Structures are given as C-alpha cells and as structure tokens.
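The next block holds one structure in the form of structure tokens; read it before the comments.
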There are 2 protein chains.
Amino acid sequence: MEELPLPPGFDAAKVQQAMRAFVSALGQDKVFLEDEDRIAYHDKFAIDDTHHLPLGAVAPTTVEEVQAAVKIANQYLLPLWPISRGKNLGYGGNAPLLSGSVVLDLSRMKKIEFDPESGVVTLEPGVGFYDLYDYLKQHDLPFWLSTPGNSWGSVIGNALDRGVGYTPYGENTKNICGLEVVLPTGEVVRTGMGAFPKAPTWGVYPFGFGPGWDQMFVQSNFGIVTKANMWLMPEPESLMGMDVEFDKPEDLKAMVDTIGPLRRERVLTQSPSIGNWLRAAAVVTRRNEWTDKPGALSDDVIDAIRKKFNIGWWGVSLRLYGREEINKAAYKVLEKAMNDIKPMLIKPTSWVKGQPKEHSGWTGTPMTFPMQNVNWYGGRGGHIGFSPIIPQDGTKALEQFNRTYSRYKEYGMDYQGSFAFGERHLINVNAMIFDKDDAEKMKRIDPFFRALVKDAEEMGYGEYRTHLDYMDLVAKTYSWGGGALNRLNEKVKDALDPNGILAPGKSGIWPNRLRKERGQ
Amino acid sequence: MEELPLPPGFDAAKVQQAMRAFVSALGQDKVFLEDEDRIAYHDKFAIDDTHHLPLGAVAPTTVEEVQAAVKIANQYLLPLWPISRGKNLGYGGNAPLLSGSVVLDLSRMKKIEFDPESGVVTLEPGVGFYDLYDYLKQHDLPFWLSTPGNSWGSVIGNALDRGVGYTPYGENTKNICGLEVVLPTGEVVRTGMGAFPKAPTWGVYPFGFGPGWDQMFVQSNFGIVTKANMWLMPEPESLMGMDVEFDKPEDLKAMVDTIGPLRRERVLTQSPSIGNWLRAAAVVTRRNEWTDKPGALSDDVIDAIRKKFNIGWWGVSLRLYGREEINKAAYKVLEKAMNDIKPMLIKPTSWVKGQPKEHSGWTGTPMTFPMQNVNWYGGRGGHIGFSPIIPQDGTKALEQFNRTYSRYKEYGMDYQGSFAFGERHLINVNAMIFDKDDAEKMKRIDPFFRALVKDAEEMGYGEYRTHLDYMDLVAKTYSWGGGALNRLNEKVKDALDPNGILAPGKSGIWPNRLRKERGQ
C-alpha cells in the first residue's frame, strides 16, 4: 500500500476505525480504500498530481445510507467530499479539495420520476444526461434536455455547479425547483413546496413560504443534495436557426453588440456561445498535423487551418424553439441582424417535429465529442478553464479577448476562447488545453492561470466557477467589504456544519475547525 | 399618552432610553414615538385592532443610519420591523408582527441608478412604482415596469414578498439580481457579483461564486435589504392580446387546461390571471346598489351584475410582447386555442411603439384602482387574501374553486377569487373583502380564514404569502420531516441574529430569545 493521504488529525489506525464503521453501516461493497480506488478518485486533468488526494470513497445508494455516512463522518471528524457522477472535468473531476477527504460517491443513486403533465423530473444525483435521455426515449416522452458539451456527467451535478447547455433551458441551475438535502448534521430537509407534506406543487413552484434555499445548496458545502426537481423543455414544434462565421478577431465587438440586445429582448431565448476557430478545429484535427513549432500558433497556421475547415475566426450558432410560424417570423429578425454585420458565412438550419433530429446540443442530445479537444497537443491531454463573468458589451468583450490572447501568446499557449451569452451577461470561457506528458509546459499552466485571474480582477471580472486548485484564490477576489460575503458564508457553514465535515474548502468556504487549511 | 405596547423585557423607562439612543444617533426628525405615529404604523386592514401594535418607528436615510439603528437594537434587545414603503395591504400593511417592535421605515431611502445598456436599475427600498415610472419617463428611457394592482408600494418591497405583476417580468422576485444587505449584527454584505469590488456585473449575473443568497433575504428576517438590482423589460415593439370572458363557473377547467400548456411552452411568457366577475365588478359598483340581503350573493344578483357590465363568470387577459411580426404569429395560436373552448367574448387589443399607450398593468403603468374593491360592502373597507399554490391543472383548479366557493357561502361572504399563472403553477388568490364597521361579520373572518387554510392543507396546498396574523399558522403547515425546513431557518436565524432583534416571527421564523412568542 502506498502512503495514505491522511485527513487532518488522522493516523492509519484511526483511518481503519472509520473505514470499519463505514463497512459496518453500508456494507463492504460500498466502501473503497484500495490504492486503485484512490487512483479512480483522482483528478485526471490535474495540473499537479500531488494535490487533492482522496483517502478513499463510500458509495451510498439511499438517503438513509447518506445519513449513516454523515453520522460516521461527524463521529470521526472525517471530511466527506460529495460528488454526483464526478465528471466535473477541468474543475477537479471526482477528486476532493482537501487531501485525505473521503469521496461520497452518489453515482449509484439513479432514480428518475417524471410528471409528464407538468414536465418536471425528480432526479437523484447519479442520473446522467445519457440516463435521462434514454429514459425519455424509452417512455416516449416529448421533452428535451439541455446537455453540456461533456454529457456523461450528472444532470443534478451540472446544475449544482451552474453548468450551462445550449437550449432555452440552458442555464441548468435555473431549472431547479425544490431539493431534498441531507444537512451536515444528518437531518433531511426538503426545500420550497417540498416542506409541505405530500405537496403536489413541490416541482412547480420554486420558492415555497419564507426564504428560498435552493441556490444556497449550489456551489456550496452546506448540504448533500439527494433529490432535485428539474424543469424540462417541452419538445418544440420547430427548431430553426443559423450557424454564422465571422472572419476577423475584431468582429467579436459587432457580434456581441448585435446578439446581446436580441438576447435581452428575448427574441433569442437560448444562450448562444461565440467560439474561436480552435473550438471548432480542435475536435477534428491535431496540432502536429499543422506545425511542430512551440509557442502560440502563428497567424499563417491559423489561416491554413481555418481555410481547410472553412471556419471563421469566430463562429456562433443561433437557435429558435417553438411554433413554426413564430420561429419563421423571429428568423427574419435574426437574419437581418446578422446580415447587417457582414458575416463570412450564414448556414441556415431548420427542423420540424416528425423529421429526424440532428444529434447535437441544440436538440438536447447528450454528447462527448467536444472533449476531443484535449487531444490537440497529443499525449495525455487535459484542460482547465478560466471563466470570468463579463459585461454583455462588445467593446469590453473585445478588450477582454485582446488582453487574454496576449497572455496566451506570452505563455506560449494556443488560444481557445468563447463568449457565452446569459440573458444579460457573458461568460468568457478560456480553455487551457495541455499535454500532461509535456513537463516543461505543465509548469507554465499555474502562473498563466494566476496571471489571467489577476488581469480579470483589475477589470472587476470574477470567475463563476473554478478548479479545486483555485477556489481559495478566486474566493479571495470576491473581497467587497473585506470579504463580507465569505464571512457570512462561513458563519452559516459553522452553524450548519459544527464539526466541519462536509466538503471543506468548496468555493473557498472553510469550517472553523479547518480554516487554517485555506490556500493561496 | 395611551398605554405603550412594550416589547418583551421592556418597561417605559427602558423605552425612553432606547429612543434617546435613536434620537442621538439619527436625529429627532427620524424617530417617531407619539400616539399618532403608532396609529400611522398600524395595519389599516387589521381584522383585530389589538394585535401588531408598533412601539414607534425610526426612519434612517442611509445605510450607515440603518447600521446605527441595528446597533442600538442589539444593545437594548429591541425588535426592529423593517418596511420598505409599508403598503403591504392585506398582509399587514406597515405594522410589525410582534407588538412593541419598532418599525424600521426605509421609505426615505429613494435613490435610483439606472444602466440603460443592460436595463438594470439599482434601487433603494423607498422607491415606489410611481417613483420609478416617473424616473423612466423623465429620462425618456425605453423600459417598462411590471406593476402590481396596488402600485403605491415599493418596487423592492414587492419583490421581497414575492408579489406579482402582469408583464413577462411579472414574477418580480425573479428580476432581483444582487442585493446589498445590512445583517442583524450590523455588517453590510453584497450578494452575487456585488461581492466583487467595483464589479460591473453586479446587476447582470445573479449568482456570483458559491452559494446564492438573494432568495434567502426574500420573505425572511435574515437581513435588511438596502439596495437591490432589478431587471427591467425593454420596451417592446408591439403589445398584442385579448381579453376573454367565459360564461360558467365550470369553464375554469378548460381555461386552465388551455392556457397552462401555452404558458409552459412559453408561447405566453407573461402570467395571465383568471378572475371571477366580482374582481371586475367590485371596482366599478357597490353591493348595496344590487341587494341588501346578507349572506353570499345569490345567482340571480350575480347574473344581473354580469349582464349590466357584460362580463363573464370568469375573465382572463392574455398578452404578447415583442416584435410585431412575431406577436402576430403568436396571436393566431392564442386565438385558435381560445376559440376552441368557446368563450362568451373575445376582445382583441393591439399596440405598436409610437401609439399612445393604454394605462394599465399590461403596459406596466402604476395604478391603484383595483383597491376600489375594498368599498364593495361600504364602511371602512379592507381585505385579506388567502393565496395557496396549486397545480396548473384544470380539474384540480375547479375542485379548489368549488371547495372554496362553498366556504364563502357557508361564511356568508361574496366570492372574489382568481387563478394566476406562474410558469408551471397557479396561485389561487382568494380575496376576503370586509367592512370593518360591521362587527358581526368581522368576527367571521378569522374562523373563515382558518377553515380555508385547513381545507387547502388537506389537499397539500400551502400559501405562498400570508398576513401577519397567520404567519405562524401557515409556517406550521410546512411540516415535512417534523418541520425540518423551519428548524433549518431558525438555526440560521440564530447564527445571523444572535440577539433576536430583526423582524421576529416573520414567515414563522423566531429567534431563540423570543421563540415562546410563537402563535397558533
């Protein structure tokens, strides 16, 4: 056995005691403490493989078993790190923040209940997008998912980390309508109308009576979500839209300033994402087919790749969902708006109910091909993302691009960036693709990431989500009032988790007992 | 001086000390302790005038003054009851739940900041719908409000009690995007991206990094909101729709089952409200013009009134907002759907930018005429509302109506009811209109209200909002897991408000110190 990564205050003997308690409560087949288990629950895309090492894992299958695991954690002061399916790749995967934590793997909790009248599905955390897609197909239910680019993850897990999809239901966290949660002290609560016994409205009215808790369990360590109601989109009668390519980096300004008002006006209700050429190219080709030069790609190589695949410097897809006649009228608005800013190419697309469906994010089909981009450099590929929220303003978006692109060049990285529309904001997702076998380049990732955080901070732009490595760093940038919000978070953390056992360090929130573990 | 309503643990001398402290911190002109002040801060629609008596009021004008008031409250263990403009009529107006509380009147905090690019307004709690309407007009800003029927209240206050308006931005609480809050211990926090210093995205991205707090300050007593960002609707190019009347009570079923799917499909994005004939008639006529018989109105009187005003048993208004051509296509969908269920009358309506605007809730114009209904019985009129959340299902809505209508008849009350659509739920608002000078009838209101709560509870239907008198009663109906959610609320209450000074009893949440005051 390799050296065990111990949680604070533990020795090997205490680990054995705690694990025996888990085995006794859950059964041997739900407790994982071998070296191979620790490898399985390690971040495959880690920049530094010595961080975030799990002690082991437990995999309960019922709410009662989750409560039993929480009870043991409290008894032994053992940190638990809940994951849904652990596919949070680029943000830490299935690994815990604090080394020595036991991963609470909820992927075996896979129940699905669906009310076809209201379109509300009640999910357990182990249900993946593929599972739910199969379920809808199998039961012939006319509802669509909103899938993220990497769809083998959990539907709940994605919503609980504020992940996004491509349809009008793309801001998945907004589709949550009532949760069941095991608190760090072991009690179970139901939020919203779920606090009403046998409420037939649990999944349809999000607020209930009094304070609304749902978002408090998102990106936090205040409780373990064991059930969530989520709204699904009724299958539309028609899906229309266009894929649009633009030729020059500076076209970003006009794209944002044209699409933004249409989004805020709600002519567009899905959330388009403007992506650069590499987002499109990295899934179909590899770098070594074009050059063997180190450093960021030169403009002539970029031009050659773009020419080969006939793609713009930027591309964006716009989609309309609903009644066919309404979509046709809305399409004309989009078409005029896009033509006004002189795109390189407009490719219209159109579907009506009954026709075979395109298998893409636009139809809510699960997919994994976008993950192909990790093979861009060859070797053991991986990526992390730097994703600040920026204003929905073309000039500011272009400035953000220019600043970031310069940093990519400075650090010798190929730029993969996108600007994804929320209703009134943009998420600027910067993917840093790497080859874990390239030791020299791997050393550059951390300083590069920190430089981007600092650049953004100066503009007032904070990340909406980040990798385990940077949760403390990013939390510290949210420093208004001397860090007033984090103090509030930690006050509530201490009230709800007095023993500090649940996901210590998640989103920069540390329990009193472990506050000295806070990183930089 | 009449006998002072004292807070728990106070005598007249201690009151004088506390008030001197307020005067010293805020100045004499911001502290109110005369008998006439206590009358001013008393619920005008109270069923029982001996409850919810304020000790007095303080009216800070800045965040620092709010903090100073909170500091004094902590020093003296004096309960503060924050109000925005205090127009929460039917739910307690500007009165505190616990007698002896000092009303923290924020109506003098009236700053408005507006970013016309993003359409985000930053408001202080004293800004009323009329104020904001005037501001938009004065600065010629092409944005519309979503006003409630009683629009002289606060924009923030309405959103913080989950009030609703009539446009696609009608669920006002969903328009909140970031708050500034004074906590019960006096610290100021900013939520969402406001936790980022000088964040230009505070008002455009609602979640920030980590747990989302905004809804925790809605209908709660966890903090005093001193600023809120809210999204306004860009002025649409066109507004089209129809007012539709239906002849029979049982038409409710088809109305719900036809409008519901259109709402869930988002052909309709505003929230229509189906109202009975009295909602329309009570603002234009009075009961004594039709009958002097006690008890609920008979069918022949109802028929006569309906005939006179040419209104249905139920009426509903449907509206479309946006581009003209898109609205025209959507109108056809609505028209066909409505014709299919044989209405008594369809009255189309249409407006395009540039034409004079109808002054109504549909254009976001502030109004007060719906309050005329309190004069239905004559005398000193008032009302309270019983408003459970029910499924968006015609059969269940009709059953709920039948059950409730029987109770109205049993208690000798004229029925005023409505069924307001959320995206996937209905709010069944039952207005109980009364004449405070009719002592015999006033005695019936409380048992009537409690009967409705009990009827609804048996169906699993809970209220979304209630009068001060019934907050404990309603909170207790949210009893899943032995009241697990309220235990969670009170655990957080004790962590954030250790001295129990802020709005004790709001939404059934009591601080440890005052938990014995919980009512029935």
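Values below: all heavy atoms of this structure, side chains included; hydrogens, waters and symmetry mates excluded. Proteins get letters first, then strands, A, B, ... in listed order; numbering begins at 1 in each. Just so you know, these numbers come straight off a predicted model, no measurement behind them.
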Give, as side chain, backbone, both or neither, the part of Leu160(B) having an atom under 4.5 angstrom from any heavy atom of chain A.
-> neither

Which bit of Thr173(A) is near chain B, if near means a heavy-atom gap under 4.5 Å: side chain, backbone, both or neither?
-> side chain

Could you check whether the rings of Tyr205(B) and His425(A) sit parallel, tilted or perpendicular, using 30° and 60° as the cut-offs?
-> perpendicular

Heavy-atom contact with chain B under 4.5 Å, split by part of Phe222(A) | side chain

Enclosure of Lys353(B) NZ (heavy-atom neighbours >12, cutoff 6.0 Å) | yes

Considering only heavy atoms, which portion of Val267(B) lies under 4.5 Å from any heavy atom of chain A: side chain, backbone, both, or neither?
-> side chain

Interatomic spacing from CG in Asn486(A) to CZ in Phe209(B) - rounded to 0.5 Å | 9.0 Å

Pro234(A) to Glu265(B) - nearest heavy-atom pair and separation = CG-CA, 4.3 Å

Non-hydrogen atoms of Leu485(B) and Ala195(A) that approach each other most closely = CD2-CB, 3.6 Å

Begin with the C-alpha distance, continue with both residues' side-chain angles, and end with the deciding distance and a verdict on side chain to side chain contact (heavy atoms under 4.5 Å, CB included) for Asp393(A) and Glu117(B).
-> CA-CA 8 Å; Asp393(A) 175 294; Glu117(B) 170 83 12; 4.0 Å; yes

Residue from Gly210(A), Ser220(A), Pro261(A), Ser507(A) scoring the most non-hydrogen pairs under 4.5 Å with chain B is Gly210(A)

At a heavy-atom separation under 4.5 Å, does Ser387(B) approach chain A through its side chain, its backbone, both, or neither?
-> neither

Pick from Val492(A), Asn221(A), Thr477(A) with the largest number of heavy-atom pairs that fall under 4.5 Å of chain B | Thr477(A)

With the side chain counted from C-beta on, respond yes when Met459(B) and Lys198(A) share a heavy-atom pair under 4.5 Å apart, and no when they do not.
-> no

Is chain A contacted by the side chain of Tyr321(B), its backbone, both, or neither, given a heavy-atom distance below 4.5 Å?
-> neither

Residue Glu457(B) versus chain A: region with a heavy atom under 4.5 Å | both

Return the minimal non-hydrogen interatomic distance between Pro211(B) and Ile509(A), and the atom names on each side.
-> CD-CD1, 3.6 Å

Would you sort out whether Asp214(A) and Gln215(B) count as a side chain to side chain contact (heavy atoms under 4.5 Å, CB included), showing the intermediate values?
-> CA-CA 8 Å; Asp214(A) 286 4; Gln215(B) 281 295 325; over 6 Å; no

Side chain, backbone, both or neither: which part of Ser118(A) has a non-hydrogen atom closer than 4.5 Å to chain B?
-> backbone

Which answer fits Gln392(A), side chain, backbone, both or neither, if we ask what part of it has an atom under 4.5 Å from a heavy atom of chain B?
-> backbone

Compare all side-chain heavy atoms of Thr191(A) with those of Leu488(B) and state whether any distance is below 4.5 angstrom.
-> no

So Phe196(A) and Tyr478(B), would you call those rings parallel, tilted or perpendicular, with 30° and 60° as cut-offs?
-> perpendicular

Of the backbone (N, CA, C, O) and the side chain (C-beta and beyond), which part of Ile390(A) lies under 4.5 Å from a heavy atom of chain B, both, or neither?
-> backbone

If you tally heavy-atom pairs under 4.5 Å between each of Val120(A), Val188(A), Thr466(A) and chain B, the highest tally belongs to Val188(A)

Interchain contact, Lys174(A) with chain B, by part (heavy-atom threshold 4.5 Å) = side chain

Interface check, chain A: of Ser479(B), Pro206(B), Gly322(B), most non-hydrogen pairs under 4.5 Å belong to Ser479(B)

For Glu237(A), is it the side chain, the backbone, both, or neither that has a heavy atom closer than 4.5 Å to a heavy atom of chain B?
-> neither

So, do Lys491(A) and Thr185(B) sit near enough that their side-chain heavy atoms are less than 4.5 Å apart?
-> yes

Side chain, backbone, both or neither: which part of Val181(A) has a heavy atom under 4.5 Å from chain B?
-> neither

Between Glu463(A), Gln219(A), Arg264(A), Arg190(A), which shows the greatest number of heavy-atom pairs under 4.5 Å with chain B?
-> Arg190(A)

Does the side chain to side chain contact (heavy atoms under 4.5 Å, CB included) test come out yes or no for Asn327(A) and Ile326(B), once each step is laid out?
-> CA-CA 8 Å; Asn327(A) 282 350; Ile326(B) 299 174; over 6 Å; no

Taking the side chain as every heavy atom from C-beta outward, state whether Asn489(A) and Trp213(B) have any atom pair closer than 4.5 Å.
-> yes

Heaviest contributor of heavy-atom pairs below 4.5 Å to chain A, chosen from Gly481(B), Ala330(B), Gly508(B), Gly483(B), is Ala330(B)

Tell me, out of Gly203(B), Ala475(B), Pro200(B), Ala199(B), who's got the most heavy-atom pairs with chain A below 4.5 Å.
-> Pro200(B)

Under 4.5 Å from a heavy atom of chain A, the part of Trp202(B) involved = neither

Pi-cation contact, Tyr169(B) with Arg266(A) (under 6.0 Å, within 45°) | yes

In terms of heavy-atom pairs under 4.5 Å with chain A, which of Glu423(B), Glu187(B), Lys328(B) leads?
-> Glu423(B)

Proximal component of Arg162(A), with respect to chain B [non-hydrogen, under 4.5 Å] = side chain

Residue, of Val218(B), Ile389(B), Ile427(B), that accumulates the most heavy atom pairs under 4.5 Å with chain A = Ile389(B)

Can you say whether Leu183(A) sits under 4.5 Å from chain B via the side chain, the backbone, both, or neither, judging by heavy atoms?
-> side chain

Could you tell me whether the side chain of Arg424(A) and the main chain of Trp231(B) form a donor-acceptor pair under 3.5 Å?
-> no

Contact part of Glu325(A) toward chain B, heavy-atom cut-off under 4.5 Å: side chain, backbone, both or neither?
-> both

